[in-house]
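Quick notes on the structure that follows.
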6 protein chains.
Amino acid sequence: MSKVVIKVTGKLFAPGNEDLIRELASIILSYAAEGNRLAVVTGGGVTARSYIEMGKKLGLNNAILDLLGIESARLNAIIFTSLLGSYGYLPIPRSIDEFLRAWATDKVVVLGGLQPGQSTNAVAAAIADIIGADLLINATDVDGVYNKDPKTYPDARLLKAVTVDELEKILIKQESKPGKYELLDKVALNIIRRSKIRTVFINAFKVDHLRRVLRGEKNVGSWVTFG
Amino acid sequence: MSKVVIKVTGKLFAPGNEDLIRELASIILSYAAEGNRLAVVTGGGVTARSYIEMGKKLGLNNAILDLLGIESARLNAIIFTSLLGSYGYLPIPRSIDEFLRAWATDKVVVLGGLQPGQSTNAVAAAIADIIGADLLINATDVDGVYNKDPKTYPDARLLKAVTVDELEKILIKQESKPGKYELLDKVALNIIRRSKIRTVFINAFKVDHLRRVLRGEKNVGSWVTFG
Amino acid sequence: MSKVVIKVTGKLFAPGNEDLIRELASIILSYAAEGNRLAVVTGGGVTARSYIEMGKKLGLNNAILDLLGIESARLNAIIFTSLLGSYGYLPIPRSIDEFLRAWATDKVVVLGGLQPGQSTNAVAAAIADIIGADLLINATDVDGVYNKDPKTYPDARLLKAVTVDELEKILIKQESKPGKYELLDKVALNIIRRSKIRTVFINAFKVDHLRRVLRGEKNVGSWVTFG
Amino acid sequence: MSKVVIKVTGKLFAPGNEDLIRELASIILSYAAEGNRLAVVTGGGVTARSYIEMGKKLGLNNAILDLLGIESARLNAIIFTSLLGSYGYLPIPRSIDEFLRAWATDKVVVLGGLQPGQSTNAVAAAIADIIGADLLINATDVDGVYNKDPKTYPDARLLKAVTVDELEKILIKQESKPGKYELLDKVALNIIRRSKIRTVFINAFKVDHLRRVLRGEKNVGSWVTFG
Amino acid sequence: MSKVVIKVTGKLFAPGNEDLIRELASIILSYAAEGNRLAVVTGGGVTARSYIEMGKKLGLNNAILDLLGIESARLNAIIFTSLLGSYGYLPIPRSIDEFLRAWATDKVVVLGGLQPGQSTNAVAAAIADIIGADLLINATDVDGVYNKDPKTYPDARLLKAVTVDELEKILIKQESKPGKYELLDKVALNIIRRSKIRTVFINAFKVDHLRRVLRGEKNVGSWVTFG
Amino acid sequence: MSKVVIKVTGKLFAPGNEDLIRELASIILSYAAEGNRLAVVTGGGVTARSYIEMGKKLGLNNAILDLLGIESARLNAIIFTSLLGSYGYLPIPRSIDEFLRAWATDKVVVLGGLQPGQSTNAVAAAIADIIGADLLINATDVDGVYNKDPKTYPDARLLKAVTVDELEKILIKQESKPGKYELLDKVALNIIRRSKIRTVFINAFKVDHLRRVLRGEKNVGSWVTFG
């Protein structure tokens with residue numbers, strides 16, 4: 001029995017991606033059916049962005065904009081948990097206490113964000129920490145961690161392995177750049193580092209990546225190492 | 001001191017309508033500041049429609065589609081309550097118990113839906129009933145109740161007054177028509193009828209309508225009468 | 001594994017019916033023990049009626065009268081769930097979110113009503129819808145659906161099968177009659193229709209009916225068909 | 001501003017007592033309107049007794065029988081809080097945490113029981129303790145504390161003042177008697193003693209008693225003294 | 001399958017006792033792994049005492065001092081449940097409703113207190129009552145029930161068996177003594193008596209006692225009998 | 001009317017500091033009584049440290065250690081809120097939703113931590129952000145922000161004003177040092193920066209500092225400036 005937390009980018013939950021979503025859900029369903037335990041954190045995606053945009057025009061403060069992002073992520077979480085049939089937990093947990101209650105039922109627990117000022121990456125790390133996860137999978141829209149932003153630099157190189165310290169440096173560089181390639185935030189990194197959580201970055205849009213990682217394959221994505 | 005429930009069509013919460021939204025919120029804020037009590041129910045609008053569409057493609061059942069609509073309406077509710085400053089209640093209530101707890105704080109309580117199989121119109125009527133509202137305002141995207149669907153028939157006539165029985169007949173006719181002009185559902189109508197809730201239908205997009213109705217004007221919108 | 005929702009008339013929960021109640025509970029217990037999943041919705045019965053009566057004399061509004069009915073139904077639900085031993089869930093869920101949390105534990109979940117302005121029939125239908133029930137059993141105090149009110153007309157004929165549309169016509173006729181023979185309300189009917197929920201009406205007081213229906217027999221009660 | 005907790009016997013909530021109930025509620029409403037703070041604990045009365053009877057016949061355990069009593073008391077609490085209009089809090093609190101949340105709104109908080117194995121008298125004392133009440137009023141169906149059971153002995157003498165120690169002796173005598181004249185239980189007594197809570201026993205059925213006690217009169221009911 | 005409730009003295013949760021705590025947890029874990037169901041109630045111990053002391057100096061009322069004791073007991077409960085791995089439930093239940101929700105997940109549920117004015121012994125008894133426990137184990141810092149306080153009188157004799165009535169007499173004697181040897185309070189005793197809950201008192205610091213009692217041995221601790 | 005969030009170091013809540021605690025509470029009480037709104041976040045202090053120590057010896061994971069810290073901080077929060085009389089809110093909020101519900105009652109809301117992996121400083125910043133606070137006061141055990149750790153270097157200089165960027169550099173230096181002088185973490189800093197929250201660092205043990213800051217004085221503590 002393995003315990004796995006999967007962060008799925010919100011960008012997946014857009015019209016046209018229904019087949020991808022269904023496939024990812026079915027991989028997770030199979031893995032749960034084999035007796036493993038999973039928690040899934042969905043990002044806010046395009047809905048989050050559009051509501052945050054509207055909120056900004058209305059002059060709402062940053063914490064409220066975050067709440068809009070969190071609620072959007074929960075919409076994506078409802079979609080995803082519903083695809084897991086009797087394995088999927090509802091309602092979507094809204095606090096760490098609610099997450100723990102849900103987790104105790106042995107279902108797959110899917111959630112969006114939890115708190116303003118905290119990314120869904122940080123939520124995934126916090127949850128991996130509290131349940132003692134064997135693996136944290138961060139499924140974004142690129143193949144893993146690059147030495148530079150792959151969306152800007154065509155010659156960016158995928159790092160098969162990356163130490164936490166290198167990862168931190170890459171994160172710091174990103175922050176200072178406008179065209180942000182969001183991997184992880186500082187909070188998530190700190191949790192991963194302090195608890196040495198096994199972490200891999202894969203591409204959510206290449207569903208085979210998830211299947212392979214869950215099967216135990218190592219030659220896919222970027223793996224974090226703790227020098 | 002008056003107690004008023006306002007149902008605001010979800011269609012309002014679309015990019016480009018920021019000024020309208022802000023103005024509606026400011027009218028409600030002033031009315032609350034004068035010592036009146038208000039509850040606002042927001043519809044799901046375009047976000048609801050788009051998520052329900054995605055849900056259908058994914059084969060989710062109707063109750064889950066309703067949940068997607070409800071969560072979308074809650075996003076709109078967050079936007080709206082945040083515009084009310086210290087008068088607006090957060091978090092958005094998720095059940096009738098939570099609504100009552102919120103109502104007891106004397107804030108303006110804004111909510112989306114509550115339960116699958118129940119429209120936001122029914123929520124507004126149920127809430128008007130439980131708090132003993134003096135007035136239920138249904139702010140849609142047309143000027144009130146018409147003898148036929150105003151979006152299909154250019155010669156549709158606005159009814160300044162309509163009995164509950166007439167309203168029911170209009171509702172039944174609508175249901176059987178494909179291009180549905182959604183006024184109210186049967187549940188909402190039953191609650192309004194049994195408790196004789198003073199009800200008026202106005203146009204949410206003509207913000208002056210709301211201002212006038214709150215000032216006590218009668219010559220705007222369509223008023224329900226209880227023969 | 002089947003998923004079944006059973007609406008049990010509140011009339012059952014009256015002094016003198018203890019043996020009946022116990023027998024019904026034991027049938028449900030056995031069915032659960034075979035690996036099936038069940039939710040049970042109990043009506044308010046005589047306690048509801050007596051409190052609503054008192055509430056009316058005190059001039060309480062309709063929504064509060066509904067709350068009294070809901071709390072009474074919950075008393076019956078406590079009785080019923082307690083008879084299911086370790087299969088029965090407690091506490092009684094008070095919202096759709098709480099129902100879902102309870103359902104995730106794989107227990108039999110027994111509940112009364114959820115919201116003012118909504119019958120326990122509507123609750124049963126909403127729950128059948130959200131869990132994707134294979135069957136909704138409506139156990140009343142008559143043998144099923146009749147072409148006219150069997151309590152008024154001795155020649156009323158039991159309908160072995162009834163289309164949703166016929167059922168609706170029967171419901172509409174009932175509403176306009178004073179001696180109301182309460183089968184189902186409009187909300188419940190709409191949910192059943194839109195999600196084509198397999199539904200059967202049986203007599204709660206003839207416990208063998210429930211046993212036979214759960215065994216898969218078709219020649220008992222009235223079955224709803226979706227022409 | 002005074003803080004007062006009133007325990008109202010469940011026996012009051014029976015058909016035919018509507019006028020009494022309304023009058024008591026109106027006294028409490030006026031007292032609240034003058035700026036005082038009140039919590040009211042209602043007993044379970046005849047509904048509790050009838051459900052507990054049914055539960056016993058069904059072989060339910062004592063804790064479940066207590067739950068039936070608690071839910072019945074909550075039905076009475078709904079009735080009572082609804083008579084207080086905008087001063088009354090809903091929903092009925094179900095735990096000490098929920099009571100505190102309700103209390104923070106400055107409404108009158110009405111509740112039934114909280115926990116199996118604990119009388120509504122103990123709930124009233126616990127609440128008086130936590131809010132630092134100035135007065136705990138125990139409104140039963142007799143005029144106060146007697147030297148023997150007034151329902152059995154016509155010559156029983158009403159004690160205008162009673163020390164906690166005397167009260168304890170009277171309680172112990174009662175417990176050993178079958179025709180129990182329920183004043184208070186040991187838990188409630190302990191809380192009253194340790195926190196020296198000012199306590200008076202009056203007759204709920206003589207509504208003027210409540211009015212007089214709230215006005216500050218001392219020559220009504222039995223007052224507990226802390227030697 | 002047995003259902004067991006274990007009250008563990010808060011004194012155990014002190015620096016230096018880590019090995020004892022771990023061993024007790026591992027005994028409980030094994031027992032749960034064999035298919036038995038357990039609830040554990042932890043006392044407040046030294047943290048409770050120190051906070052209550054501080055609270056007294058600050059002039060806080062008794063109910064708040066109780067809350068400090070309850071929260072301290074919950075700290076111990078977090079420690080204990082965390083040692084049970086995937087068998088332990090989190091978050092710590094804060095009301096009887098939350099306990100029941102936790103219990104329904106089939107995990108071992110560990111809790112501290114629930115309510116001011118109520119000892120953790122009373123909580124353990126109430127919980128044993130509601131789940132219909134086969135055994136209530138009260139693990140204190142002495143070997144069981146003595147005819148006099150073993151900490152004061154070296155010649156105190158351990159009672160292998162004690163009737164509820166004898167137990168009550170011992171409790172009453174204790175209360176009047178300053179150097180209190182806390183066995184049980186009156187509320188707990190009443191619940192044990194009314195529901196004839198099988199109860200044994202053992203020494204928490206002799207971990208073998210717990211192991212032996214769970215194995216069904218009778219010649220350890222003091223057993224309560226119901227004459 | 002001002003809205004102020006105060007983070008109070010957990011170190012204050014130690015035996016012997018009762019007078020200091022009481023004085024701080026009384027300053028806050030007066031400020032609230034003048035019509036201002038306050039939220040207070042208490043740290044975990046010595047209790048947190050001792051439980052975390054015990055937890056480490058027991059091999060508990062980091063997230064559980066965080067939970068122990070959070071619960072300890074809540075003990076301090078109970079103490080503090082209880083000193084505020086009818087201005088203090090109870091129960092202590094356990095999630096951002098619960099905080100918002102509490103905040104809506106217009107009481108002073110005192111809380112400990114909210115989530116593993118998040119410092120109480122981050123909680124204070126998140127709350128200041130969501131309520132749109134006019135001022136965030138960080139009351140630690142030193143007089144403000146120093147150019148180096150004042151506990152190690154006697155020549156450390158107090159900075160009357162510090163830009164966010166300087167603050168960040170000081171924080172980064174601290175992290176890499178073993179004798180950590182904990183000012184703020186990265187999450188808190190990010191929230192303060194993005195929302196430009198007016199922030200001042202003062203000494204909790206010099207109660208006059210708090211009084212002066214609340215009166216609007218600028219020449220006490222270290223103020224954060226946003227270049």
Side-chain angles (χ1 to χ4, degrees), chain A residues 12-26 42 44-85 88 90-95 98 112 114-116, chain B residues 12-26 42 44-85 88 90-95 98 112 114-116:
Chain A
L12 189 77
F13 297 89
N17 292 343
E18 285 84 1
D19 286 346
L20 273 169
I21 298 171
R22 205 183 337 232
E23 242 183 297
L24 274 180
S26 112
T42 54
V46 67
T47 309
R49 223 145 315 149
S50 126
Y51 269 93
I52 288 170
E53 187 76 4
M54 204 195 292
K56 272 183 191 161
K57 282 193 188 138
L58 287 162
L60 305 184
N61 72 31
N62 285 310
I64 300 295
L65 300 183
D66 281 352
L67 283 186
L68 293 171
I70 290 171
E71 280 306 319
S72 302
R74 284 181 189 146
L75 268 164
N76 296 335
I78 293 176
I79 290 269
F80 207 71
T81 204
S82 301
L83 290 170
L84 303 175
L90 266 175
I92 304 308
R94 301 173 65 78
S95 68
E98 284 188 24
L114 292 181
Q115 221 172 80
Chain B
L12 190 78
F13 296 88
N17 292 343
E18 285 84 2
D19 286 346
L20 272 171
I21 298 171
R22 205 183 336 232
E23 241 183 297
L24 274 180
S26 111
T42 54
V46 66
T47 310
R49 223 146 313 148
S50 127
Y51 268 93
I52 288 170
E53 187 77 3
M54 203 196 290
K56 273 184 190 160
K57 283 194 188 135
L58 287 162
L60 305 184
N61 71 34
N62 286 309
I64 301 296
L65 301 182
D66 282 352
L67 284 186
L68 292 171
I70 290 170
E71 281 306 319
S72 302
R74 283 179 189 147
L75 268 163
N76 297 334
I78 293 176
I79 290 269
F80 208 71
T81 204
S82 301
L83 290 170
L84 303 176
L90 267 175
I92 303 307
R94 302 174 63 80
S95 68
E98 285 188 24
L114 291 180
Q115 223 173 77

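Residue numbers start from 1 in every chain, and the chains themselves are labelled A, B, ... in the order their sequence lines are given, proteins ahead of strands. Source: prediction; values computed, not measured.
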For the atom pair OG (B/Ser82) and CG (A/Leu67), what is the distance rounded to the nearest 0.5 Å?
7.0 Å

If you measure from CG on A/Leu60 to CD1 on B/Ile78, what distance do you get to the nearest 0.5 Å?
10.0 Å

Separation between CZ (A/Arg94) and CZ (B/Arg94), nearest 0.5 Å, reads 4.5 Å

Nearest-0.5 Å distance that lies between atom CG in A/Leu68 and atom CD1 in B/Ile79:
4.5 Å

Can you tell me how far NZ of B/Lys57 sits from CG of A/Asp19, rounded to the nearest 0.5 angstrom?
10.0 Å

Under 4.5 Å from a heavy atom of chain B, the part of A/Ala25 involved:
neither

Rounded at 0.5 Å granularity, tell me how far CD1 in B/Ile70 sits from CG in A/Leu75.
11.0 Å

Would you list the atom pairs, donor with acceptor, under 3.5 Å between side chains in residues 47-56 of chain A and any protein atom, with sequence neighbours excluded?
from: A/Thr47; atom 1: OG1; to: B/Tyr51; atom 2: OH; distance (Å): 2.8
from: A/Tyr51; atom 1: OH; to: B/Thr47; atom 2: OG1; distance (Å): 2.8
from: A/Tyr51; atom 1: OH; to: B/Asn76; atom 2: OD1; distance (Å): 2.6

Mind running side-chain contact (heavy atoms from CB on, under 4.5 Å) on B/Leu90 and A/Ile64 for me, showing each step along the way?
CA-CA 10 Å; B/Leu90 267 175; A/Ile64 300 295; 3.8 Å; yes

